[in-house]
Amino acid sequence: MSNPAPPPRSLAEALRARDDASLAVLLRSRPDLITPVPTDLTQLATRAGTRASVLRALERLDLFALQTAQALAVAADPASYDELRGLLAGDAGDRAVVAALPDALATLREQALVWGGDDRLRLVRTAREVLAPTPQHPSPTGLGPTVQETTAGMSPGRIQEIVTAAGLPSTHDPVSAAAALSALFTDRGRMAALLAGAPAESREVLTRLVWGPPYGQVTPEPAAHLRWLLDRGLLLPTAPGTVVLPREVALHLREGRAHRAPEAVPPPVGTAATHPAQIVDATAAGQAYTALATVEELLKEWDEGGPTVLRAGGLSVRDLKRTAVALDVSEPVAAFWVELAYAAGLLASDGEADERYAATPAYDAWLELPPAERWARLAEAWLTATRTAGLVGGRDTKDRTLAALGPGLDRSVAPEVRHRVLGLLAALPEGAAPDLGSLLARLRWERPLRGPVATPVGGPAREGGRPQGGDEDLRSRIARWTPTEAELLGITGRGALSAHGRALLGASAPAASAASVPAPGGGRRTGGGPADGPGDKLPAHHRQRPPAPRAPLSPGELVAASAAAAGLLAPLLPEPLDHVLLQADLTAVAPGPLERPLAETLGVLADVESKGGATVYRFTPASVRRALDAGRTAAELHAFLTAHSRTPVPQPLAYLIDDVARKHGRLRVGAASAYVRCDDDTLLNEILADRRSAALRLRRLAPTVLAAQADPAALLEGLRAMGYAPAAESAEGDVLIARAHAHRTPPRAAPEPVPDGPPAPDATLLSAAIRAIRAGDLAATTPRKPAGVPAPAGDLPRTSSAETLATMQAAVLTGETLWIGYVNPEGAASQRVIAPIRVEGGFVTAYDHTADEVRTYPLHRVTGVAELADD
């Protein structure tokens, strides 16, 4: 029978005992540990204990896992599993806490925040420093320092006085006196007897301090009830005028609990309303079509060059207001559409001297896609964008206004929050709209340390990591904006997740209506406590911890998911119509979305009067003239209306077209500074006699030509304001066709999201990284025979060139494996375990166990060589 493996003495040894699957879990949950790949497991353990990495790992813990770490931070080092369970479950043994603890402890172990067996649990030193209570940074548990820590600077005489007053025998040194006090305070029976004789006022003081903060102020001459507590060490001085409730006393008063309210079970997401799934999908599809129309309308408004770019970047407040009026939405909603078009790569600045915003060439390609695919592009961009439109109008750290399309709107946590909010909606029954308050509570439970209140040190004490008041954190604000933005985009309908929204997440329909109500407990036993613990006696369904939040989709998965979502949405979108209904009041009604060529032509020929389920267009002399300026003739306009109207063309509309066409082009305006010419000199006389033409400063050059000191554009507008219909002409005398042209930026890529730390490694990178770490660890820890000049521990071996060559050649003949030191051309030193195959021409060809491949090394770069020990 083999002897059991000795317990690990360090985190590096604990990692060395893990299998590859366990290391992969660690590196996937903490990707900063392999950026770059560590040379061995010792370096991996060192990196896992750095402050930045530990803080990042703590920020990603759920509330109960964080409470477990906080309990370990106030426990003895090392602590047993039973001690930890007592701190979390209390003397009464909360069954939900007992059941959930193995899973929470397994999470801490997986992420290398805790190591050691159940009899010697150790919290990583940096995590203990961050979470343990200090006078400057109270613990979230509300506990203070231990008796041993508090009495460290106290005079020996004063400690003996406290020991005597507490009814304990005197000791010979302060250390044993503090130990005797600790033993008294942790003995339930003796402590109860001591407190039974306390005055009522003294017990009231303890009650006020028991849940924190544990510090209080006293005068130089304290009252009798305070003196009673001070004399017996139930309150200990920490500074002049300041006392603290020792941790052991607080735990006795709390019945052993480190937290007032351990939250082992995540709060369920409640349902505010439930709608039929068909209604939800139809509503979401209608809003998705509106989203497409809104983005098109926005970029059509900016077709000939949009607003100018501010010097500091972004849209001005005035331009955002104009955009909101043009889209008939509020300013925050307008900012959302502008930012969405920018995130999708459809909008950018043109880079000209007078820099303006305009559509990109990608917008034209986007317009050619089917509507469902266009929507999928927008939804995909929104889901992954780190730019946060809800921040527009707020202030940055320098008290500057955050502008739409400007800098300072990236928040790396935004994609994760959006994905998680939609994930929680996907866990609800079909057609269920969530209660926002319970949704926010669930998100706070899952990530209690993210946002402005994320720093686990400093600031006001918090119970379990939750803020005790103050401003709402960033994650909660993004979570509040997400349902509204998802509704605008058509991912949800009436607050509930649609079928195509569910497909966008790569999620399936919930299996049961209670999917959002997780059962208490912990199902995994990988971190476990004793096999016969109370948690194991619960029914199986009470030990199933809710599934962990699914990670956001990879780029490839997101492309497949958006294609699936587009496929579900396509049948729900309305079919474009090829006709309108002309009415006698010079209006046309489009009873639904129009085909693109029809909509574009009608948009030139008429003005949009109202939008909604049906769009109303109005024909005016100016709109008809606009169509004629675009190169259309009166006959073409009559034919167009006849072909696309389900009702006869009304006589007033036909007269309007003919009347405007009869006048159109009789006057010609060109560049001379500007001139007007007309074959009818009577008409020119009429213009000169009109007082309204005085501002144009016209004079006759010939019977049929007038010259003006205004530019051609101003002259055109002035004559049109007088009721005429002039046409512009070129220098050759040809009529200029004023077609609506589209100003485009040079090709622009969509803005890259700002990552929230290093990206999660894929399976290939994980496998390669683990192989490299294992091989480097083998090279660093394999026993070796002494050769040449002994190298200090951890340094490269040192041998002369002759010894190196002789050892290499001997290893080729015997097939032995060697340990070498190697310095690459960049000067980086490393240790390697190789099996030499051939030595010639100043090079050694060998199988490198570190890289798991055959490599060739220059002998002059080998610092030394040593044979591996026989064992």
Side-chain angles (χ1 to χ4, degrees), residues 4-19 22-23 25-26 29-30 41 44-45 48-49 53-54 57-58 60-91 93-94 97-133 139-141 143 146 148-149 182 186 247-248 251 256-259 262 264 456 464-465 521-536 545:
R9 295 171 298 176
S10 64
L11 177 59
E13 288 191 8
L15 294 178
R16 200 165 284 125
R18 292 192 180 195
D19 57 18
S22 180
L23 282 180
V25 171
L26 168 62
S29 61
R30 297 178 65 179
L41 288 169
L44 176 64
S53 182
V54 168
L58 290 175
R60 295 183 177 277
L61 295 177
D62 63 50
L63 182 56
F64 186 61
L66 180 63
Q67 288 180 330
T68 303
Q70 292 165 352
L72 274 173
V74 297
D77 185 25
S80 68
Y81 182 85
D82 290 338
E83 183 181 353
L84 175 62
R85 180 172 55 191
L87 285 171
L88 288 167
D91 295 343
D94 187 321
V97 171
V98 170
L101 180 56
D103 191 77
L105 187 58
T107 298
L108 296 176
R109 275 182 165 140
E110 285 173 354
Q111 300 197 23
L113 294 171
V114 170
W115 58 277
D118 287 342
D119 57 337
R120 295 179 64 82
L121 294 172
R122 290 184 180 274
L123 189 65
V124 171
R125 181 183 303 174
T126 308
R128 178 175 287 275
E129 292 172 355
V130 168
L131 298 176
S139 167
T141 61
L143 292 170
T146 63
Q148 192 75 43
E149 294 167 346
S182 297
T186 53
R247 187 181 306 169
E248 295 88 344
L251 287 174
R257 287 181 293 161
H259 297 87
R524 293 184 304 182
R525 299 297 304 174
T526 53
D532 58 350
D536 293 305
R545 187 170 173 82

Would you indicate whether the side-chain heavy atoms of Leu61 and Leu113 approach each other to under 4.5 Å? yes

Heavy-atom check, side chain of Val74 versus side chain of Pro133, under 4.5 Å: yes

Heavy-atom closest contact (Pro8 atom, Ala14 atom, distance): CB-N, 3.7 Å

Ala73 versus Arg247, closest heavy-atom pair with distance: O-NH1, 4.5 Å

Nearest heavy-atom contact between Tyr81 and Val98 is OH-O, 4.5 Å

Between the side chain of Glu83 and the main-chain N/O of Ala76, is any donor-acceptor distance below 3.5 Å? yes

Grab the two heavy atoms, one from Ala71 and one from His259, that are nearest each other, plus how far apart they are. N-CE1, 4.2 Å

With a 4.5 Å cut-off on side-chain heavy atoms, are Leu123 and Asp77 touching? no

To the nearest 0.5 Å, what is the distance between CZ on Arg16 and CG on Leu23? 11.0 Å

Quick check for you: to the nearest 0.5 Å, what is the distance between Leu251 atom CG and Leu87 atom CG? 6.0 Å

Provide the closest heavy-atom pair for Val97 versus Pro262 in the form atom of the first, atom of the second, distance. CG2-CB, 3.9 Å

Separation of Leu84 CG from Leu72 CG (nearest 0.5 Å): 4.5 Å

Report yes if the side chains of Leu15 and Leu26 come closer than 4.5 Å at any heavy-atom pair, otherwise no. yes

Do we see a donor-acceptor contact under 3.5 Å between the side chains of Arg30 and Ser53? yes

In Å, rounded to the nearest 0.5 Å, how long is the span from CG of Leu131 to OG1 of Thr141? 9.5 Å

Do Phe64 and Asp103 come within less than 4.5 Å of each other through their side chains, counting heavy atoms only? no

Return yes if some donor-acceptor pair links the side-chain N/O of Arg18 with the main-chain N/O of Glu110 below 3.5 Å, else return no. yes

Nearest 0.5 Å, what's the CZ-OG1 distance between Arg85 and Thr68? 13.0 Å

Taking C-beta and beyond as the side chain, do Arg109 and Leu121 meet within less than 4.5 Å on heavy atoms? yes

Between Arg257 and Gly90 the two heavy atoms that sit nearest each other are CG-CA, 3.4 Å

